[in-house]
Peer 1: 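I'd like to ask you about the structure that follows.
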Amino acid sequence: MSLTVIYTIATLSVIGTSAAVILYFVAQKFKVYEDPRIDETEKALPGANCGGCGFAGCRAFAEACVKADSLSDLNCPVGGNETMGSVAGILGFEAHKKDPRVAFIRCNGTCNHRPKTSNFDGASTCAIAASVYSGETDCQWGCVSYGDCYYSCKFDAIDIRAGIGVPLILDDKCVACGACVEACPKNLIELRKQFPKIRKVVVACRNEDKGGVARKACSVACIGCGKCEKECKFDAITIANNLAFIDSDKCKLCRKCVPVCPTNAIIEEGFPPRKIVTEEKQECSTT
Amino acid sequence: MLKTFKVGGVHPPENKLSADKKIEVLPIPKTVFIPVVQHIGAPSTAVVNKGDVVKTGQIIAKSSGFVSTNIHSSVSGKVKKIDLSPDSSGYPKLGIFIDVEGDHWMEEINRSEELVKEFDLDGPQIVQKIQESGIVGMGGATFPSHVKLVPPKGMKAEILLINGVECEPYLTSDHRLMMEKADEILVGTQLLMKAMNVEKAAIGIENNKPGAIQLLTGKAKHYKGISVVALKDKYPQGGEKQLIKAVTGREVPSGGLPIAVGAVVSNVGTVFAVYEAIQKNKPLFERVVTVTGKEVKNPSNFKVRIGTATSELIEAAGGLPENTGKIISGGPMMGRAIISPDVPVTKGTSGILIIPETEAKRKPYRECIRCSRCVSVCPMGLEPFLLMTLGQKQIFDRAENERIMNCIECGSCSYTCPSYRPILDYIRFGKAKVGAIIRTRKK
Amino acid sequence: MSNLLTISPSPHIHSGDSARKIMFRVVYALIPALLWSVFVFGPDALRVTLIAVVACLAFEYVIQKYLMKIKPVITDGSALVTGILLAFNMPANLPWWIIVIGALASIGIGKLSFGGLGSNIFNPALVGRAFLLISFPVQMTSWPVNNRSGIDAVTSATPLGIIKEGIANGTPVSEILKSLPSTVEMLFGENGGSLGEISAILLILGGLYMLFTKVITWHIPVSIIVTVGIVASAFWLVNPEVYISPAYHLLTGGLMLGAIFMATDMVTSPMNPKAQMIYGVGIGLITISIRLFGAYPEGISFAILIMNAVVPLLNRYIKPKRFGEIKKQPIKA
């Protein structure tokens with residue numbers, strides 16, 4: 001009996017050893033040379049594979065960085081300047097500083113601002129709802145609130161706020177990878193310049209309808225009246241197609257445009273309160 | 001054995017509630033809203049201004065390209081405004097509002113009901129006239145008819161197919177038209193045959209309309225080259241490719257047009273409009289619309305001026321039932337749910353279907369049980385379950401390889417799915433995305 | 001809210017057929033065979049079926065609720081079908097605890113470990129049966145005698161088992177057959193065996209009902225039966241003294257049960273007719289190979305499990321005929 005055991009062990013050892021030898025030679029023969037800097041660069045990246053850089057993942061981005069002549073066109077929005085600095089260090093390039101950005105949903109059409117005029121009943125994704133018709137409210141530009149952005153976010157930076165009608169981007173978690181920008185069928189999400197303390201002054205509306213139509217559909221719609229444009233001393237505000245837009249690269253956060261807006265379409269965030277504002281209670285009947 | 005297409009198909013309950021109702025002429029409404037996009041292709045350009053006085057049949061929007069059509073005023077009166085208003089797509093569209101004053105027609109329109117059989121126009125003149133009269137495919141696709149009648153270079157039409165199938169449940173407008181205007185349709189068919197220079201024409205009718213088959217078969221004997229083909233009841237037989245397969249046995253190549261197998265398909269409504277345009281000089285500004293639904297008091301077929309609000313039709317059919325949950329423009333399988341009863345009737349509106357609240361909502365869906373029913377009912381030989389998953393997961397390159405673009409959106413898969421999955425929703429989404437990818441690739 | 005119109009993409013109507021209705025049609029199709037087994041084996045058959053069904057439903061509920069932490073759906077009928085099919089694969093005198101273990105293997109391993117109805121790769125009832133057949137070979141292969149055939153014994157093997165043993169001992173087939181029920185008797189269910197496999201005619205009846213109500217298509221059962229028939233005939237014609245007749249092959253050993261109810265399980269069978277035919281032929285070939293050359297007297301359950309594993313591959317590479325992709329156009333009008 002013991003002989004059997006010994007034979008078994010011996011046979012297995014011989015098989016194992018010969019397999020190892022074969023594998024060693026095969027591995028030598030088929031070895032693929034890769035620039036070791038690719039691995040190093042990849043290590044320096046966040047490793048989220050979010051695709052915010054425009055490449056298929058961190059590895060693809062690392063390969064692109066190694067191949068590139070300069071880093072001016074390449075940016076990892078997640079890691080920001082710090083990561084790109086270390087990548088530049090690894091590859092011996094000059095680091096290009098880029099302003100950090102943060103995503104913002106340009107719609108404030110929550111259920112108490114925008115009355116519902118129909119019920120959507122189909123596959124619950126924004127893309128499909130938007131392809132069927134203009135949405136559950138009379139505003140054809142605004143959020144359809146099925147959360148495609150929420151599902152596209154790999155950083156848990158979007159609160160879907162079910163029942164309220166518009167998701168909320170959590171600024172402290174947002175890395176501006178741009179996945180939600182791609183996902184939104186209504187093109188509501190914009191990557192804006194990130195100011196200290198994530199302060200912002202934004203026109204939270206995309207409605208290009210004429211004033212009356214827009215206002216009827218939503219109480220906080222931009223009606224394109226142009227008051228903010230006149231108020232702005234930095235030429236940061238432009239009006240096109242009945243819609244105001246604040247260029248975050250020009251905006252100086254003076255906040256003068258906010259009080260002049262007749263529909264409260266311009267919102268400010270991250271500032272100390274000017275006066276005591278009663279927190280608007282956002283609660284809607286869910287259907 | 002009746003002819004039909006081979007692969008797939010379903011047979012939903014027909015519910016042709018208004019099949020025996022004669023076509024009634026709906027009174028002219030007080031105002032109409034005529035969108036400038038009522039067809040596939042480039043939007044027409046409005047040629048009237050606010051305050052202009054127009055006559056019935058006058059051109060109010062001109063075609064802005066080859067794949068585009070003229071749009072004519074359906075009433076006489078004053079242009080109130082040119083503005084945006086939602087149409088059946090659910091999006092606001094540019095259109096012309098006209099306040100009705102009397103009913104003054106353009107002088108050249110022959111308003112008698114008398115049948116005119118002889119015609120002295122030649123082929124190109126007929127096509128010209130069709131183009132001027134703003135005729136589009138009236139089965140619902142609204143593709144400008146004159147484009148179809150001019151085959152691309154190197155292709156020759158051999159047979160003209162007239163679509164009298166009306167495989168959508170509930171709808172009866174084509175059926176009634178065949179019953180009441182049989183001769184006009186046959187003359188119209190001859191006009192189209194002449195326009196395309198073909199010798200043969202076949203009118204395909206489903207077997208659930210024995211009256212129409214009998215009537216047209218009898219009358220077709222007196223018209224050269226026209227035959228009537230009875231077809232087995234099966235949805236989506238009214239689909240162009242399915243109809244060609246059913247009648248001629250030819251398969252339109254994937255991605256190709258019917259002309260590739262020498263066939264051109266036209267709806268009976270379109271043929272009737274062609275007859276009126278050429279023999280009566282009357283452009284397309286009214287059409288037959290079925291107003292129906294299980295709860296509707298008086299399901300009817302109306303002859304309606306384009307631009308009339310849907311609510312007027314519903315009123316005439318006995319009013320909007322209390323428990324209405326959904327209003328559909330078109331049939332239940334391929335029609336669009338409309339957002340309010342104010343949207344206008346357009347050239348492509350074949351019916352208004354009112355669905356009660358209890359049937360309006362879909363049931364919650366669950367996982368695919370891989371029963372393969374969607375595969376067996378797909379008339380295009382696709383695998384809907386797979387296309388849905390690919391659409392959901394956004395794997396568009398594979399979806400393209402699985403021929404997602406072949407889908408005709410007939411809805412048989414969603415109709416039959418025992419797990420109530422929104423298969424077609426995701427396929428449509430995938431199609432849109434894949435289509436965009438293909439277009440960017442071509443550029 | 002009720003005055004708001006509902007907007008949804010087309011189609012706006014539904015056939016009304018649900019997974020639950022389909023499952024219950026399978027149950028109805030199984031009832032004649034079940035009644036026959038109760039008639040033949042007495043209350044024991046009912047006992048086995050009940051234990052299997054209750055155990056399957058209970059495991060489905062408990063696992064979904066406490067392990068998968070989802071809302072249990074036991075009313076869809078799928079666990080019921082699995083339970084009945086599992087019972088149909090068991091001898092009537094099986095101890096209750098073996099049945100419960102079988103149910104656990106079916107539902108737990110065969111179905112829910114893959115994610116539940118629709119996600120499983122193998123037919124759950126067959127996973128349970130294979131598990132039991134390997135774990136408890138003695139209990140699973142000693143069938144109570146078919147009371148009506150009048151042989152005075154407590155347990156016996158199935159006809160196929162007897163034949164296999166006989167052939168192995170060198171007895172000519174004609175000798176062995178003398179002690180066994182005739183083909184006609186077997187058609188009507190006079191042979192011994194598991195609960196559900198004894199009456200071919202009632203199984204075919206159930207199959208026709210399912211075919212008529214569109215629960216199954218003809219492709220799988222027909223391709224299995226034809227394949228087994230052809231191969232068995234070929235061998236039988238070569239040497240009828242060593243190989244039994246094709247009729248015997250078709251009517252015994254759960255071939256009908258397997259071909260009509262098990263192989264056609266919608267979750268684990270291919271998704272288009274062409275692939276279904278290949279799948280059916282594969283099952284037929286493996287079945288007959290196991291029966292003629294393998295160690296087990298019957299092989300349909302293993303054949304189905306093996307082909308189940310091939311299904312994803314078939315789905316990936318065998319595509320239905322696409323409309324509009326043919327080379328030659330018939331010219332007629």
Side-chain angles (χ1 to χ4, degrees), chain B residues 7 10 12 90 158-159 169 200 202 241 247-254 256 261 324-328 332-340 355 357 359-363 366-372 375-376 379-383 385 403 406 409 411 414-416 418-420 422 424-425 428, chain C residues 1-23 73 76 78 115-121 214-217 219 264-276 311-312 315-316 319-333:
Chain B
V7 189
V10 289
E158 288 167 34
I159 185 165
K200 271 184 299 188
K241 294 178 176 180
V247 176
T248 67
R250 300 179 199 184
E251 270 184 31
V252 179
S254 144
V261 291
T324 301
K326 201 191 255 180
I327 305 177
I328 296 164
M333 293 297 282
M334 288 186 80
R336 295 192 78 121
I338 56 177
I339 55 172
S340 87
I355 291 192
E357 235 168 291
E359 291 171 31
K361 285 252 187 246
R362 294 187 185 175
K363 289 194 181 158
R366 45 177 298 170
E367 316 85 78
C368 170
I369 58 165
R370 308 177 68 74
C371 65
S372 78
V375 180
S376 60
M380 298 305 287
L382 304 174
E383 291 166 291
F385 75 96
R403 311 285 188 280
N406 283 12
E409 304 184 17
S414 295
Y415 170 79
T416 196
S419 284
Y420 293 90
L424 184 55
D425 295 12
R428 229 186 249 123
Chain C
M1 285 325 252
S2 63
N3 54 351
L4 296 187
L5 291 175
T6 303
I7 308 291
S8 62
S10 65
H12 305 284
I13 49 174
H14 191 272
S15 61
D17 230 351
S18 65
R20 193 184 136 96
K21 281 186 189 163
I22 293 178
M23 291 298 172
V73 262
D76 64 9
S78 62
L117 180 66
S119 310
N120 47 320
I121 297 171
K214 296 190 177 162
V215 176
I216 59 171
T217 55
H219 302 87
T264 55
D265 169 33
M266 46 182 63
V267 180
T268 55
S269 59
M271 299 287 277
N272 66 71
K274 229 190 288 175
Q276 283 171 352
V311 166
N315 280 337
R316 184 77 171 81
K319 293 292 169 189
K321 199 211 141 297
R322 315 283 198 209
F323 186 95
E325 288 183 8
I326 47 172
K327 280 170 199 149
K328 275 187 184 170
Q329 297 279 347
I331 301 294
K332 60 169 188 194

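Quick note on labels: first sequence line is chain A, next is B, and so on, each numbered from 1.
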Peer 1: For B:R370, enumerate each residue passing the side-chain hydrogen bond (donor to acceptor under 3.5 Å, both in side chains) test, keeping only those at least two apart in sequence or located in another chain.
Peer 2: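 Counting only residues at least two positions away or on another chain, B:R370 forms no side-chain hydrogen bond (donor to acceptor under 3.5 Å, both in side chains).
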Peer 1: For chain C, which of B:K241, B:E409, B:E359, B:R336 has the most heavy-atom pairs under 4.5 Å?
Peer 2: B:K241
Peer 1: Tell me if a side-chain donor or acceptor on B:E357 pairs with a main-chain N or O of B:G325 at a distance below 3.5 Å.
Peer 2: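 It does not hold such a pair.
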Peer 1: Of the listed residues (B:I328, B:T416, B:I327), which shares the most heavy-atom pairs with chain C below a 4.5 Å separation?
Peer 2: B:I328
Peer 1: Pick whichever of B:C368, B:G335, B:G90 has the most heavy-atom pairs under 4.5 Å with chain C.
Peer 2: B:G335
Peer 1: For C:H219, which residues count as a ring pair (Phe, Tyr, Trp, His ring centres under 6.0 Å) partner, sequence neighbours excluded?
Peer 2: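 Counting only residues at least two positions away or on another chain, C:H219 forms no ring pair (Phe, Tyr, Trp, His ring centres under 6.0 Å).
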Peer 1: Are the side chain of C:N315 and the backbone N or O of C:M271 linked by a donor-acceptor pair below 3.5 Å?
Peer 2: yes
Peer 1: If I measure from the heavy atoms of chain C, does B:P12 come under 4.5 Å with its side chain, its backbone, both, or neither?
Peer 2: side chain
Peer 1: Name the member of C:R20, C:R316, C:Q276 that forms the most heavy-atom pairs with chain B at distances under 4.5 Å.
Peer 2: C:R316
Peer 1: Please round to the nearest 0.5 Å and tell me the distance separating atom CG of B:D425 and atom OG of C:S8.
Peer 2: 8.0 Å
Peer 1: Using only atom types and a distance under 3.5 Å, with no angle test, would you say the side chain of B:S414 pairs donor to acceptor with the backbone of B:L424?
Peer 2: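 Checked: pair present.
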Peer 1: So for C:D265, is it side chain, backbone, both, or neither that comes closer than 4.5 Å to the heavy atoms of chain B?
Peer 2: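 Neither part, no heavy atoms under 4.5 Å.
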Peer 1: Looking only at heavy atoms and a cut-off of under 4.5 Å, which of B:E367, B:K363, B:R428 has the most pairs with chain C?
Peer 2: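 Looking at each option in turn, the highest pair count goes to B:R428.
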Peer 1: Taking atom NZ of C:K214 as the centre, report whether more than 12 heavy atoms of other residues, nucleotides or ligands fall under 6.0 Å from it.
Peer 2: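 Counting neighbours around NZ of C:K214, 12 or fewer heavy atoms of other residues, nucleotides or ligands fall under 6.0 Å, so no.
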Peer 1: May I ask you to decide if the ring planes of B:Y415 and C:H14 are parallel, tilted or perpendicular, using 30° and 60° as cut-offs?
Peer 2: tilted
Peer 1: Do you know which of B:I355, B:V10, B:L382 has the most heavy-atom pairs with chain C at a distance under 4.5 angstrom?
Peer 2: B:L382
Peer 1: Tell me, out of C:P320, C:P9, C:G118, who's got the most heavy-atom pairs with chain B below 4.5 Å.
Peer 2: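 It is C:P9.
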Peer 1: Under 4.5 Å heavy-atom distance to chain B, tell me which part of C:I7 shows up: side chain, backbone, both or neither.
Peer 2: both
Peer 1: Chain C heavy atoms under 4.5 Å from B:P422: which part of the residue, side chain, backbone, both or neither?
Peer 2: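 Contact with chain C involves no heavy atom of B:P422 at all.
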